[in-house]
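Reviewing the structure listed below.
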Amino acid sequence: YDRAKGKIEITDAYVDFGGTRLEADMDANVATKFQQYWFKPRKESNHYTLSLRLLDLPMDNFAEVWPKTVTPGGLRWISKNMKKGSFDKATVTLKGKIDINKLSDITIDTGSGEIEVSKGRVTYMDGMPGIDDVDASAVFDLQTMDVSILKGHMGKIDIVPFTLRMTGFDKEVQDITIPVGMKGSVTEVLKVLDLPRLGYTSAIGLTPKDITGEVEATLTLAMPMLDALLLEDVDVKANATIKEFSSESLVPNIAMSKGK
């Protein structure tokens with residue numbers, strides 16, 4: 001703290017948790033009332049910039065160290081739905097106001113950051129299969145978070161890169177849209193689309209084994225981020241492109257093959 005300059009500066013501060021490392025820098029203008037009104041030019045007061053960097057954090061420990069006032073909706077979703085892997089790097093920059101005489105009244109006016117994930121497991125809806133061996137990156141501010149799933153698999157199904165979006169962190173209830181991209185055999189993808197919470201193929205009197213081929217599909221789920229989520233709260237859409245399509249059951253008494 002430099003009283004003459006009216007500044008607090010923290011550089012290269014860190015805590016090592018035995019593998020996980022938390023680093024911090026801070027620059028704050030905390031000029032006294034006298035400095036604000038009598039110095040020329042007047043000294044800016046009560047503004048700070050805080051930068052935090054979190055390195056090599058096991059994913060299961062995320063909620064224990066992430067600042068709970070920063071994107072609490074995103075914090076809850078990540079803590080519940082991202083497990084097993086590692087947060088290789090997470091950064092956040094916060095700006096706001098601080099009173100040197102009452103540090104408990106610190107405010108956050110703006111905030112943004114990035115997260116890098118490797119070898120994680122991501123779940124997205126109860127009753128649906130999780131995505132394993134996930135590499136992902138995320139960007140966020142105080143209102144939204146975009147999580148880009150870069151690679152992974154759902155059993156025998158490969159994941160096509162997609163970006164899920166969380167919005168409304170400044171509201172009581174947040175929303176999330178998850179366009180899960182999938183690529184694999186028609187049979188395996190239809191098994192996912194026919195799970196009890198969806199039941200797409202059963203609704204038209206088919207089973208996943210009735211159709212063969214290769215498919216690239218997108219299952220889009222849009223829903224509020226509620227703990228007690230009902231199926232009627234979820235907007236579900238699915239589209240697919242099929243190659244080498246074959247079926248002996250789609251149209252009665254007609255065998256179909258090599259379709260698209």
Side-chain angles (χ1 to χ4, degrees), residues 15 17-24 50-94 108 110-154 159-182 197 218-229 233-235:
V15 179
F17 297 96
T20 298
R21 182 180 174 100
L22 177 63
E23 302 175 345
L50 172 64
S51 297
L52 299 172
R53 294 172 299 281
L54 192 57
L55 307 175
D56 299 322
L57 174 71
M59 201 171 286
D60 292 343
N61 298 341
F62 183 75
E64 298 175 10
V65 298
W66 191 255
K68 291 179 173 51
T69 56
V70 180
T71 61
L75 168 63
R76 287 194 298 272
W77 191 90
I78 289 175
S79 300
K80 178 181 177 182
N81 295 283
M82 299 183 75
K83 302 289 186 181
K84 294 186 177 180
S86 170
F87 288 100
D88 300 328
K89 184 178 181 180
T91 64
V92 59
T93 299
L94 305 174
I108 300 174
T110 64
S112 62
E114 300 178 359
I115 300 173
E116 297 176 6
V117 173
S118 64
K119 301 297 183 182
R121 174 176 171 81
V122 174
T123 56
Y124 49 92
M125 185 176 178
D126 289 343
M128 299 297 291
I131 305 171
D132 293 304
D133 297 321
V134 169
D135 288 350
S137 63
V139 294
F140 62 89
D141 56 30
L142 297 184
Q143 287 77 43
T144 63
M145 177 179 287
D146 291 338
V147 181
S148 296
I149 306 298
L150 305 175
K151 61 177 291 188
H153 63 89
M154 191 185 301
I159 291 300
V160 178
F162 67 91
T163 299
L164 65 88
R165 164 163 276 214
M166 290 174 266
T167 60
F169 291 159
D170 54 343
K171 299 178 181 178
E172 183 175 350
V173 177
Q174 293 80 47
D175 295 300
I176 186 169
T177 301
I178 312 172
V180 183
M182 299 176 281
R197 297 210 74 170
T218 302
L219 173 66
T220 301
L221 308 170
M223 63 195 110
M225 293 167 65
L226 300 172
D227 291 332
L229 187 69
D233 296 324
V234 184
D235 181 24

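Taking 4.5 Å as the limit, every side-chain heavy atom of Val134 sits out of range of all side-chain heavy atoms of Met82. His153 places a side-chain heavy atom less than 4.5 Å from the side chain of Asp133. Contact check for Phe162 versus Ile178: side-chain heavy atoms found under the 4.5 Å cut-off. Residues Leu164 and Tyr124 fail the side-chain proximity criterion, which asks for heavy atoms closer than 4.5 Å. At a threshold of 4.5 Å between non-hydrogen side-chain atoms, the residues Ile159 and Ile149 count as touching. A heavy-atom distance below 4.5 Å is not found between the side chains of Phe87 and Thr20. Contact check for Thr177 versus Thr220: side-chain heavy atoms found under the 4.5 Å cut-off. At a threshold of 4.5 Å between non-hydrogen side-chain atoms, the residues Met223 and Asp233 do not count as touching.
Atom OG1 of Thr144 sits about 5.5 Å away from atom CG of Asp146, to the nearest 0.5 Å.
Within a 6.0 Å sphere centred on CG of Asp235, heavy atoms belonging to other residues, nucleotides or ligands number more than 12. More than 12 non-hydrogen atoms from other residues, nucleotides or ligands lie less than 6.0 angstrom from NZ of Lys83.
A donor-acceptor distance shorter than 3.5 angstrom exists from the side chain of Asp135 to the backbone of Lys119, with no hydrogens or angles considered.
Residues Asn81 and Thr123 bring a donor and an acceptor atom of their side chains to less than 3.5 Å of each other. Under the 3.5 Å distance criterion, with hydrogens and angles disregarded, a donor-acceptor pair is assigned to the side chains of Ser148 and Thr163.
Across every non-hydrogen atom of Trp77 and Ile176, the tightest pair is NE1-CD1, 3.3 Å. Closest non-hydrogen pair, Leu22 versus Phe17, comes out as CB-CE1, 3.9 Å.
Remark: of the listed residues Asp60, Leu55, Leu54, Leu54 is the sole one forming a side chain to side chain contact (heavy atoms under 4.5 Å, CB included) with Leu57.
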